[in-house]
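Hydrogens, waters and symmetry mates play no part in the numbers below; they use all other heavy atoms, side chains included.
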Number of protein chains: 2
Amino acid sequence: MNKQDDVLRAAFHGAGRRLTAQRRLILEVLEESEGHLDAEALHDRVKARAPNISLATVYRTLAVLEDMGRVEKHSLGEDHGHYEAVRDRPHYHFACLGCGKVIEFDAPEVARVVRRLNKEKGVQVTDAHLNLSGYCARCRKKQDEGMRG
Amino acid sequence: MNKQDDVLRAAFHGAGRRLTAQRRLILEVLEESEGHLDAEALHDRVKARAPNISLATVYRTLAVLEDMGRVEKHSLGEDHGHYEAVRDRPHYHFACLGCGKVIEFDAPEVARVVRRLNKEKGVQVTDAHLNLSGYCARCRKKQDEGMRG
DNA sequence: TTACCTGCAAAGGGTTTGCACTTTG
DNA sequence: CAAAGTGCAAACCCTTTGCAGGTAA
């Protein structure tokens, strides 16, 4: 009914898709979350506001949104997918192996690598993921204490 | 029986593990492959030399080798794991969305990012993956031709 | 109105696990 | 000989799909 909705509807329509209550809600939750939810976590949050949305719809919507370029799927160490609403600046991830915390960071160096690769190998890069893992400051401290104790 | 075997056995022993014919073979195949095999492809190759090795053993061995730091698991766009024997120089991957081809490349820039992150956030990075995807030179050409045709 | 979307439940594909047997050290 | 590893098949988990009923445009 409002302007936001019209914009969103147009975006879906442009992709040959329809705007439904479920899709609007899923995108909304994804955008107001700080990212990196897996499908089930997202499903839980969504169900809080619309109890009978199915997990299947979550997966289907994520595929649609990914296709529309509004959501990105990441493989953050874990063996299942994590999803995140696309923002303006590209950013990358560090995942703590101790507590699971994810730190986002920017890294202009990646663009340089991409440029070089394009020049040297003639490839066209459409997507770049830099995933670091290790231990965050807090977990490192804990480890040290554990060793002492 | 030979020296290589002793070295390898020592490596396994050091990790509280035993050297078995299956493990030796799996590592061997992995090391002489050009990397990026998934578990099933690896299983196929291994079976060529030892027909009754099970897929379960392949998975269990991969876990052991990963744990020992001799093998790395990658998520290369596809939704299942790809494994590769660890070599000296770190290297990263570009996966072509058109033909599936994987191009490896080095990128010293990553080390720089890691250093910066350590300094700024205090994290200790133990593992870094830079995964690019897009279209290789050949597939780009094919696309262009397809548009013209 | 009709093509698209949903919920449900069942199927799928990659990976892990329980168990009885075999092998390593 | 005890502990660890293997093969087999069943279990598991995340994700996808078929279908009948609902909904956007």
Side-chain angles (χ1 to χ4, degrees), chain A residues 1-2 5-27 29 36-44 46-47 49-68 71-83, chain B residues 1-2 5-27 29 36-44 46-47 49-68 71-83:
Chain A
M1 266 296 142
N2 58 33
D5 249 36
D6 288 346
V7 173
L8 201 50
R9 180 170 298 109
F12 275 90
H13 183 254
R17 300 262 151 70
R18 290 176 184 175
L19 176 59
T20 65
Q22 293 92 328
R23 289 176 174 176
R24 190 194 300 116
L25 176 55
I26 289 170
L27 182 56
V29 168
H36 320 115
L37 288 83
D38 58 31
E40 205 172 315
L42 176 56
H43 185 215
D44 285 347
V46 161
K47 269 195 303 189
R49 294 201 229 161
N52 21 0
I53 286 191
S54 70
L55 184 54
T57 291
V58 170
Y59 275 110
R60 282 189 280 230
T61 299
L62 284 170
V64 168
L65 292 173
E66 209 186 337
D67 200 59
M68 291 169 61
V71 158
E72 272 180 1
K73 185 178 181 180
H74 299 280
S75 296
L76 300 171
E78 316 249 334
D79 48 4
H80 58 285
H82 288 239
Y83 299 84
Chain B
M1 267 297 137
N2 59 35
D5 250 36
D6 288 347
V7 173
L8 202 50
R9 180 170 299 108
F12 275 89
H13 183 256
R17 300 264 152 71
R18 290 174 185 179
L19 176 59
T20 66
Q22 292 93 329
R23 288 177 175 177
R24 189 195 299 116
L25 176 57
I26 289 169
L27 182 56
V29 168
H36 323 115
L37 288 83
D38 58 31
E40 205 172 315
L42 177 56
H43 186 215
D44 285 347
V46 160
K47 269 195 302 188
R49 294 202 228 161
N52 21 2
I53 285 188
S54 71
L55 184 55
T57 292
V58 168
Y59 275 109
R60 282 190 279 228
T61 300
L62 284 170
V64 167
L65 292 173
E66 209 186 338
D67 199 57
M68 291 169 61
V71 159
E72 270 180 2
K73 186 178 181 179
H74 299 280
S75 297
L76 300 171
E78 316 249 333
D79 49 5
H80 57 287
H82 288 240
Y83 300 85

Minimum heavy-atom separation for [X] and [Y], please, with both atom names.
X	Y	value
B/L25	B/A50	CD2-CB, 3.6 Å
A/K73	A/E66	CB-OE2, 3.7 Å
B/A39	B/L62	CB-CD1, 4.4 Å

Over all strands shown, is [X] touching base, sugar-phosphate only, or nothing at heavy-atom distances under 4.0 angstrom?
X	result
A/L55	base
B/D38	nothing
A/G16	nothing

Could you state the atom-to-atom distance from [atom1] of [X] to [atom2] of [N] in whole Å?
X	N	atom1	atom2	value
A/D6	D/dA25	CG	P	10 Å
B/R9	D/dA4	CZ	P	17 Å
B/L19	D/dG5	CG	C1'	12 Å
B/H13	D/dG5	NE2	C1'	15 Å
B/L25	D/dG7	CG	P	11 Å
A/D5	D/dA24	CG	C1'	13 Å
B/H80	D/dC14	NE2	P	18 Å
B/Y59	D/dA11	OH	C1'	15 Å

* To do: Examine distances only and state if a side-chain atom of A/H43 and a backbone atom of A/I53 form a donor-acceptor pair shorter than 3.5 Å.
  => yes
Distances under 3.5 Å only, N/O to N/O: pair up the protein atoms with those of nucleotides 17-21 of chain D.
from, atom 1, to, atom 2, distance (Å)
D/dG18, O6, A/R60, NH1, 3.3

* Asked: Just how large is the angle between the end axes of the helix from C/dT1-D/dA25 to C/dG25-D/dC1, five pairs per end, to 10 degrees?
  ->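 End-to-end axis angle for the helix from C/dT1-D/dA25 to C/dG25-D/dC1: 40°, rounded to 10°.
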[X]: what forms a side-chain contact (heavy atoms from CB on, under 4.5 Å) with it, not counting sequence neighbours?
X	answer
B/A63	none
B/A56	B/S54, B/R60
A/A41	A/L37, A/D38

* Asked: Could you give the distance from OH (A/Y59) to CD1 (A/I26), rounded to the nearest 0.5 Å?
  ->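 Taking OH in A/Y59 and CD1 in A/I26, the distance rounds to 12.0 Å.
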* DNA chain D: B/N52 or B/R18, which has the more 5' nearest nucleotide? ->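 The residue mapped nearer the 5' terminus is B/R18.
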* **First of A/T20 and B/A39 reached from the 5' end of DNA chain C, by closest nucleotide** => A/T20
* 5'-most contact on DNA chain C: A/I53 or B/H82, nearest heavy atom basis? -> A/I53
* Ignoring backbone atoms, test whether B/R17 places a side-chain nitrogen or oxygen under 4.0 Å from the OP1 or OP2 oxygen of D/dA4. =>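 Negative; the distance criterion is not met.
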* Asked: With respect to the phosphate group of D/dG7, does any side-chain polar atom (N or O) of B/Q22 fall under 4.0 Å of OP1 or OP2?
  -> yes
* Sequence-distant partners of A/H74, side chain to side chain donor-acceptor pair (under 3.5 Å), two or more places apart -> A/E84, A/H129
* Range on DNA chain C touched by chain B, heavy atoms, distance below 4.0 Å -> C/dG14 to C/dG25
Anything under 3.5 Å between a donor and an acceptor, one on a side chain of residues 12-23 of chain A, the other on a protein residue two or more places apart or in another chain? List them.
from, atom 1, to, atom 2, distance (Å)
A/T20, OG1, A/R23, N, 3.2
A/R23, NH1, A/R18, O, 2.8

